[in-house]
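Take a look at the structure below.
Nothing here was measured: the structure is a model prediction, and the numbers come from that model.
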Amino acid sequence: MAGHSHWANIARKKSAVDAKRGKLWSKLSKAIIVAARMGGGDPDANLRLRYAINDAKAVSMPKDNIERAIKKGTGELDGGNLEEVLYEGIGPAGVAIMCDILTDNRNRTAPEIRKMFEVCGGKLGATGCAAWTFDRKGVILISADKTDEESLMELAIEAGADDVRRDGDSFEVTCEPDAYSDVCDAVAAADLETESRELTWVPKDTIDLAVGDARNVLKLMERLDDHDDVQSVAANFDISDEVMAEIDAED
């Protein structure tokens with residue numbers, strides 16, 4: 001879990017900055033569009049849409065933007081022609097990387113993502129080149145000052161979660177994809193505010209990175225995360241506190 005947790009911590013801080021710039025709105029709009037297209041425009045009957053709307057509201061996306069995205073998804077407005085694509089690649093030091101994509105033009109997106117990999121010393125690969133080293137999981141992070149581990153464990157396991165573990169200042173709840181909705185609902189019913197929740201790729205094993213490789217991998221991860229078509233990015237690396245401190249000291 002270390003690789004996922006490490007990038008998740010960086011991504012959460014980065015998302016806070018992106019939210020202030022409104023940069024997340026484009027990605028969240030796409031998530032709403034696809035959710036509405038797949039399950040209809042009623043959030044009460046479409047769980048995926050309800051969560052997408054909640055995520056948008058959490059970063060202060062205007063109501064008009066949300067409603068416009070829903071209408072694009074249901075076909076009431078143009079612009080809802082988005083395709084879900086999974087790109088896999090190998091980064092510096094052999095790090096496996098997964099990118100969940102929503103795009104209206106695969107012929108534009110693929111070359112752009114390929115170029116990012118190449119510039120940072122990696123390579124966009126064929127289907128299956130990286131996925132074998134990951135499991136698809138639901139991951140929910142809750143601040144440790146909101147609850148205690150025993151109470152959260154009881155609630156989460158009863159709802160179908162696999163595990164609850166302490167990760168720094170947060171509790172990390174993991175579950176299988178088909179239990180994700182039930183676990184999210186149980187957490188919400190208990191009035192526990194989440195720091196993040198997502199269906200993501202969790203590595204089975206991780207690669208420890210030295211300073212040079214760590215710097216290049218982080219550069220690639222941040223560039224991928226900044227791309228408007230990339231909804232989420234995951235990788236199987238781990239960076240020690242000592243290496244991270246050395247990188248931070250150079251910035």
Side-chain angles (χ1 to χ4, degrees), residues 1-19 21 23-31 34 81-137 139 177 196 198-240 243-244 246-248 250-251:
M1 298 294 287
H4 170 267
S5 298
H6 194 97
W7 174 245
N9 289 337
I10 295 172
R12 281 206 307 279
K13 295 174 184 176
K14 187 173 176 300
S15 291
V17 176
D18 288 347
R21 301 201 309 259
K23 187 173 179 61
L24 285 180
W25 292 0
S26 174
K27 294 186 179 186
L28 292 169
S29 290
K30 289 181 178 181
V34 170
N81 186 28
L82 291 171
E83 182 181 7
E84 290 186 282
V85 189
L86 176 64
Y87 288 160
E88 305 174 38
I90 304 299
V95 168
I97 299 175
M98 307 287 286
C99 301
D100 287 305
I101 304 284
L102 287 178
T103 179
D104 59 1
N105 187 343
R106 190 191 293 213
N107 292 331
R108 180 201 71 242
T109 303
E112 292 175 354
I113 299 299
R114 182 178 295 109
K115 183 68 173 179
M116 289 182 184
F117 271 91
E118 292 173 352
V119 166
C120 295
K123 183 177 181 181
L124 186 64
T127 300
C129 74
W132 64 272
T133 192
F134 293 87
D135 289 319
R136 188 69 168 170
K137 293 283 187 179
V139 180
S196 68
E198 60 179 337
L199 283 170
T200 189
W201 299 96
V202 177
K204 299 174 184 176
D205 296 296
T206 57
I207 297 173
D208 293 325
L209 297 180
V211 173
D213 288 329
R215 191 184 299 110
N216 290 332
V217 168
L218 290 176
K219 183 187 299 182
L220 174 56
M221 295 287 285
E222 289 175 1
R223 289 187 179 187
L224 290 169
D225 192 62
D226 276 337
H227 194 285
D228 285 343
D229 293 342
V230 177
Q231 290 297 104
S232 64
V233 57
N236 68 336
F237 66 87
D238 190 24
I239 302 175
S240 70
V243 169
M244 199 67 220
E246 189 171 342
I247 293 172
D248 289 340
E250 296 173 355
D251 293 339

- Query: For Lys27 and Asp225, what are the C-alpha separation, side-chain angles and deciding distance, and is it a side-chain contact (heavy atoms from CB on, under 4.5 Å)?
  - Reply: CA-CA 10 Å; Lys27 294 186 179 186; Asp225 192 62; 4.1 Å; yes
- Message: Go through it in stages, so that I can follow the logic: the residues are Phe117 and Ile97, the test is side-chain contact (heavy atoms from CB on, under 4.5 Å), and I'd like the CA-CA distance, side-chain angles, deciding distance and then a yes or no.
- Response: CA-CA 10 Å; Phe117 271 91; Ile97 299 175; 4.0 Å; yes
- Message: Determine whether Asp229 and Thr109 satisfy the following criterion, side chain to side chain donor-acceptor pair (under 3.5 Å), listing intermediate values before the conclusion.
- Response: CA-CA 7 Å; Asp229 293 342; Thr109 303; 2.6 Å; yes
- Can Asp100 and Ser232 be said to form a side-chain contact (heavy atoms from CB on, under 4.5 Å), step by step? CA-CA 5 Å; Asp100 287 305; Ser232 64; 3.1 Å; yes
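Looking only at distances, a side-chain donor or acceptor of Asn236 sits under 3.5 Å from a matching main-chain atom of Ala96. Without hydrogens or angle criteria, Gln231 side chain to Leu102 main chain gives no donor-acceptor distance under 3.5 Å. Looking at Glu88, its side chain never comes within 3.5 Å of a backbone N or O of Gly125 through a donor-acceptor pair.
Side-chain contact between Glu112 and Val230 is absent, with no heavy atoms from C-beta onward closer than 4.5 Å. With contacts defined as side-chain heavy-atom distances shorter than 4.5 Å, the pair Met244/Leu218 qualifies.
What you find for Ala210 and Val243 is that their closest heavy atoms are C-CG1, 4.1 Å. The shortest non-hydrogen separation linking Ile90 to Cys129 is CD1-O, 4.0 Å. The minimum heavy-atom distance linking Ala234 with Trp201 is given by the pair CB-O, 3.3 Å. The shortest non-hydrogen separation linking Ala214 to Ile247 is CB-CD1, 3.6 Å. The two residues Trp132 and Lys204 make their nearest non-hydrogen contact at O-NZ, 3.0 Å. Between Ala93 and Ile207, the closest heavy-atom pair is O-CD1, 3.9 Å.
Atom CD in Glu83 sits 10.0 Å away from atom CG in Asp104 (nearest 0.5 Å). The CZ atom of Arg108 sits 9.5 Å away from the CD1 atom of Ile113 when rounded to the nearest 0.5 Å. Interatomic distance, Ser26 OG to His227 NE2, rounded to the nearest 0.5 Å: 10.5 Å.
Among the candidates Val233, Val85, Leu224, the single residue satisfying the side-chain contact (heavy atoms from CB on, under 4.5 Å) test with Ile101 is Val85.
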